[in-house]
Amino acid sequence: MINYPSDWPEPVVRVQSLSETGDTVIPDRYIKPPLERPSPSFNSTGSSDNLNIPLIDLHLSGPVNRDHPTIQKTTMDEISLACREWGFFQVVNHGIRPELVDGVREIWREFFHQPMEMKQDYANAPTTYEGYGSRLGMQKGAILDWSDYFFLHYLPSNLKDHNKWPSQPPFLRDMVEEYSKEIVRLGNILLKVFSINLGLEEDYLQKAFGDGDIGACLRVNFYPKCPQPDLTLGLSSHSDPGGMTFLLPDENVTGLQVRKGGEWITVKPARHAIVVNIGDQIQILTNAIYKSVEHRVIVNPDKERVSLAYFFNPKCDVRIAPASELVTLTTPALYQSMTYDEYRHFIRTKGLQGKSQVESLKISK
Ligand code: OGA
Ligand code: NI
């Protein structure tokens, strides 16, 4: 295990508190360099506003399909294309009850709207990141993102600790339990689909992730209203370091943008959809047949935004390397192997920095 400092390099400021002061200017430490700021939005013509990430119907609603999920061939093909071309897609009829999808998002919204003292009980530290937080990375003087978050572990079960989950509002823990179970069910289905689509044994990725010992952790993002949304970001550009991510977006307000070519595409979520994206570990395992794509979050002057990012990760101490079945003379291994624990160290010390980390693992020619 890698050890982290026990406290942040600077006093923690809650972005929600800043937002609630009603100031019309944001502090300098949230102002991004000009090239990183959101591009001015031009809505009427000439923009890629109509473009969206692929929408895939999994046809997994109903009890029969839940216990014996079968994914149709055409759906498998749609997923394959989305993984290769986008690294991002949204799924509907994923089998998670619509009431649970809305309920878990709204109970977290309530959590963030409780008095600050209640949230401060869960204030996090860089040692594990668990709890209520307002920054990623340990660099003193870093430019920060316009968001607060709550981070918790679900798997492996020895890391799960209900005492570190909010005790209020009532039923939050129960609802997070139920939602987590559903996300893990969906994650296991998709690992199998990806393995088959890649021509690997159907349990290949599952085994590569640590065979039943995967990690699953939840980061609930809270993006308060921002008086100067053109100068900052809710979350800086990054690719997710883990295996894959299941994002439950806020349906009241857009914010997530995905890089496609040179452009930023704003994700328009379908009702009750879950956004799935490939993380760096699957990019490494597939030798870049599937890519983890850069994304970021923009903020809004009139609306707050709540999202739940569920990270589905390899066991922290198994070595992740390109699958030998996908390494050929013409497609040699692109990456050195590393454990997820080692990999995550980068993001936990330096914060979000585009795709620089997975690039740094590239084997030089
Ligand atoms: C993340 C993330 C996007 C969002 O938490 O890694 O990319 O829409 N979140 O909140
Ligand atoms: Ni992300």
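All values below come from the heavy atoms of this structure, side chains included, with hydrogens, waters and symmetry mates left out.
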Subject >> Qualifying residue, where the test is side-chain contact (heavy atoms from CB on, under 4.5 Å) with Ile278 and the options are Phe88, Tyr290, Trp86 >> reply: Tyr290
**OP:** Would you kindly say whether Asp148 and Ser134 are connected by a side-chain donor-acceptor distance under 3.5 Å?
**Re:** yes
**OP:** Could you label the plane-to-plane angle of the Tyr149 and Tyr129 rings as parallel, tilted or perpendicular, counting under 30° as parallel and over 60° as perpendicular?
**Re:** parallel
**OP:** Give the ring-plane orientation class for Tyr132 versus Phe112, where under 30° counts as parallel, over 60° as perpendicular and anything between as tilted.
**Re:** tilted
Original post:
Do the ring planes of Tyr30 and Trp146 sit parallel (below 30°), tilted (30 to 60°) or perpendicular (above 60°)?
Top reply: perpendicular
**OP:** Establish, from distance only, whether the side-chain atoms of His94 and Glu182 form a donor-acceptor pair under 3.5 Å.
**Re:** no
Subject >> Close side-chain approach of His113 and Glu304, heavy atoms under 4.5 Å >> reply: yes
Original post:
Do NZ/NE/NH1/NH2 and the carboxylate oxygens of Lys181 and Glu178 come within less than 4.0 Å?
Top reply: no
**OP:** Would you please indicate if the ring centroids of Trp165 and Phe171 are separated by under 6.0 Å?
**Re:** no
**OP:** Kindly give the cluster partners of Val327, where membership spreads through any ILVMFWY side chain lying under 4.5 Å from a current member.
**Re:** none
Original post:
Among side-chain atoms of Lys32 and Ser236, is any donor-acceptor pair under 3.5 angstrom?
Top reply: yes
Original post:
Can Asn221 and Ser147 be counted as having a side-chain donor-acceptor contact under 3.5 angstrom?
Top reply: no
Original post:
Just checking, is any N or O donor in the side chain of Thr339 or Asp317 under 3.5 Å from an acceptor N or O on the other one?
Top reply: no
Original post:
Do Asp161 and His153 have a side chain donor and acceptor closer than 3.5 Å?
Top reply: no
